[in-house]
Amino acid sequence: MDFSDRILSWYAQNKRDLPWRKTRDPYNVWLSEIIMQQTRVAQGLPYYLRFIERFPEVADLARASEEEVLKTWQGLGYYSRARNLHATAQRVATDYQGTFPATYKELMDLKGVGPYTAAAIGSICFDLLTPVVDGNVYRVLSRYFGVELPVNSGEGSRYIADLAGQVMSKESPGNYNQALMEFGALQCIPRNPDCLACPLSDSCVALAKKKVSQLPVKLPKKAVRKRYFNYFMPVDPDFQTLLIKRKDKGIWRGLYEFPLLESELELPDEKAEAQILEGVFTQLNEPLKFVKCNPIPLVHKLSHQHLFVTFRILYLGHGLRGGVPITKMQSYPVPIPIANFMETVKNSYF
DNA sequence: AACGCGGGGGC
DNA sequence: GCCCCAGCGTT
């Protein structure tokens, strides 16, 4: 048996029972692929089920508001995926009358659909001979064929992509693509793979050269940035607060948050208090009659940033214009640390 | 080609 | 603490 046959044979015996594998409907496959980008199955699965329940067909997703889509996406991260998901649902509903295009080129033209996702949808739904190249494929192929080029370099990624095309099964490309990824996810795992139990162990270059733990080679990534987010949650006499939509590019675009003062350096507590009071004054454009601060610090770690976050509850002596009732604040799409804070304080006596 | 973009889980 | 995850869009 050659490489692809052994991968397919392994897959037939070891594949997980996942809901998006029960259909070839492009809507379901597309939705699952977008959700699963840079996301583990355990994390993405409940979101997939929720989206399908809430938006059974592409027309349902197209009709929804962006807020509703973002709210359903809340907690999954990489929120541009949600905005692009919504835009593409509307494009398919209108430009394609609800039927997904069946060519690689047209799929690539959809927002949020890149080389990986177009190849996945094309092969799974339309039997296109398009090899997928994701993190699993980089790992499996670099090990089995002993590729020592950095996979996150231009030359390395081109090499792996070319290799993927050469070794792919021409019989059932969709099944084969999923098989190769599943093999990487369950058998050829990043750390301490069980090579003794691997059906490819007799011909794996990395295993023969004792380089399994060193492959794939990756160029070092940039150091994480530290940022300091000082939030204040105003509470007025009518138990209203203020939520502001993040509009500029960058983290959490499109989500809501409390009024924020960001500093590049950690502020001494007294200085933070003073700046926050001044910030309240300028942002609300009104004087405060009564203020009480209760800083609640936490660290929110992302892959590329460490956020040092504080929350302060500010009791106002006057009513807020454009305020949000505290009982309604949890219906807005918000970042995880905001959602956690809301959950903590929702039953507080304001 | 390099960079920014989330959140969670495994070790 | 570090690495990884069914990558993509922007610059």
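Computation of the quantities below employed the complete heavy-atom set of this structure, encompassing side-chain atoms and omitting hydrogens, waters and symmetry-equivalent molecules. What you are looking at is a predicted structure, and each value in this text was computed from that prediction instead of being measured. Residue numbers begin at 1 in each chain, while the letters A, B, ... track the order of the sequences.
Considering only the side chain of A:Q178, C:dA6 comes nearest among C:dA6, B:dG7, B:dG8. With C:dT11, B:dG6, C:dA6 as the choices, the nucleotide that has an atom nearest any side-chain atom of A:Y79 turns out to be B:dG6. Here the side chain of A:D134 is nearest to one of C:dG7, B:dG7, B:dC3, namely C:dG7. Closest contact between the side chain of A:R81 and the listed nucleotides B:dG6, B:dG7, C:dA6 involves B:dG6. Here the nucleotide nearest the side chain of A:W252, chosen from C:dC4, B:dG7, B:dC3, is B:dG7. Between B:dG7, C:dC4, B:dG6, one nucleotide has an atom nearer to the side chain of A:P335 than all others, and that is B:dG7. In the set C:dC4, C:dT10, C:dA6, C:dA6 carries the atom at the smallest distance from any side-chain atom of A:L18. In this structure, the nucleotide among C:dA6, C:dC4, C:dG7 sitting nearest to the side chain of A:Y78 is C:dG7. The A:N136 side chain lies nearest to C:dA6 when the options are C:dA6, B:dC5, C:dG1. When each of C:dG1, C:dA6, C:dG9 is scored by its nearest atom to the side-chain atoms of A:N84, the top-ranked nucleotide is C:dG9.
A:G44 comes within contact range of no nucleotide atom at all, as no heavy-atom separation falls under 4.0 Å. Within the 4.0 angstrom heavy-atom criterion, no nucleotide atom of any strand lies near A:R83. Heavy atoms of A:L76 sit under 4.0 angstrom from at least one base atom. In this structure, A:V137 reaches neither bases nor backbone, as no heavy-atom distance under 4.0 Å exists between it and the strands shown. Within the nucleic acid shown, A:T39 comes within 4.0 Å of at least one base atom, counting heavy atoms only.
Taking the nucleotide of DNA chain C with the nearest heavy atom to each of A:G112 and A:G184, the more 5' of the two is matched to A:G184. Nucleotides of DNA chain B nearest to A:Q43 and A:N152 differ in position, and the one nearer the 5' end is that of A:N152. Comparing A:L219 and A:I336 along DNA chain B, the residue whose closest nucleotide (by nearest heavy atom) sits nearer the 5' end is A:L219. Nearer the 5' end of DNA chain C, as judged by each residue's closest nucleotide, is the contact made by A:W20, out of A:M108 and A:W20.
An OP1 or OP2 oxygen of B:dG7 is reached within less than 4.0 angstrom by a side-chain nitrogen or oxygen of A:H300. Distances shorter than 4.0 Å separate none of the side-chain N or O atoms of A:K111 from OP1 or OP2 on C:dG9. In this model, the phosphate group of C:dC5 is not approached by any side-chain N or O of A:Q38 to a distance below 4.0 Å at OP1 or OP2. Phosphate contact (OP1/OP2 of C:dG1, side-chain N/O of A:K301, threshold under 4.0 Å): present. The phosphate of B:dG4 has neither OP1 nor OP2 within less than 4.0 Å of any side-chain N or O from A:H304. Side-chain N/O atoms of A:R139 include one lying less than 4.0 angstrom from OP1 or OP2 on C:dC5.
One P atom belongs to C:dT10, the other to B:dG6, and the distance between them is 14 Å to the nearest Å. Distance noted for atom P between C:dA6 and B:dC3: 24 Å (whole Å).
Both tests do not hold together for A:R81 against A:Y78: distance to the six-membered ring centre under 6.0 Å, angle to the ring axis within 45°.
Linking ILVMFWY residues whenever their side-chain heavy atoms come closer than 4.5 Å, directly or via other members, places A:L163 and A:L180 in the same cluster.
Not a single donor-acceptor pair, N or O on each side, falls under 3.5 Å between the base of C:dG7 and the side chain of A:T117. Taking 3.5 Å as the limit, the base of B:dA1 and the side chain of A:R158 contain no donor-acceptor pair of atoms between them. A donor and an acceptor atom sit less than 3.5 Å apart, one in the side chain of A:R191 and one in the base of B:dG10. Looking at A:Y116, its side chain has no donor and acceptor atom pair within 3.5 Å of the base of C:dG7.
A distance of 5.5 Å separates CD in A:E182 from OH in A:Y11, rounded to the nearest 0.5 Å.
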### Query
A:R225 and A:H304: side chain to side chain contact (heavy atoms under 4.5 Å, CB included), yes or no, with the steps?
CA-CA 6 Å; A:R225 175 158 72 127; A:H304 53 296; over 6 Å; no
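No donor-acceptor pair under 3.5 Å is formed between the side chain of A:D162 and the backbone N or O of A:R158. Between the side chain of A:N28 and the backbone N or O of A:K22 there is no donor-acceptor pair closer than 3.5 Å.
Under the Watson-Crick or G-U wobble criterion, with both distances below 3.5 Å, B:dC11 is paired with C:dG1.
When side chains are defined from C-beta on, A:Y231 does not count as touching A:T310, because their heavy atoms never get closer than 4.5 Å.
Summarising the geometry, the separation between NZ on A:K249 and C1' on B:dC3 is reported as 12 Å, rounded to the nearest angstrom.
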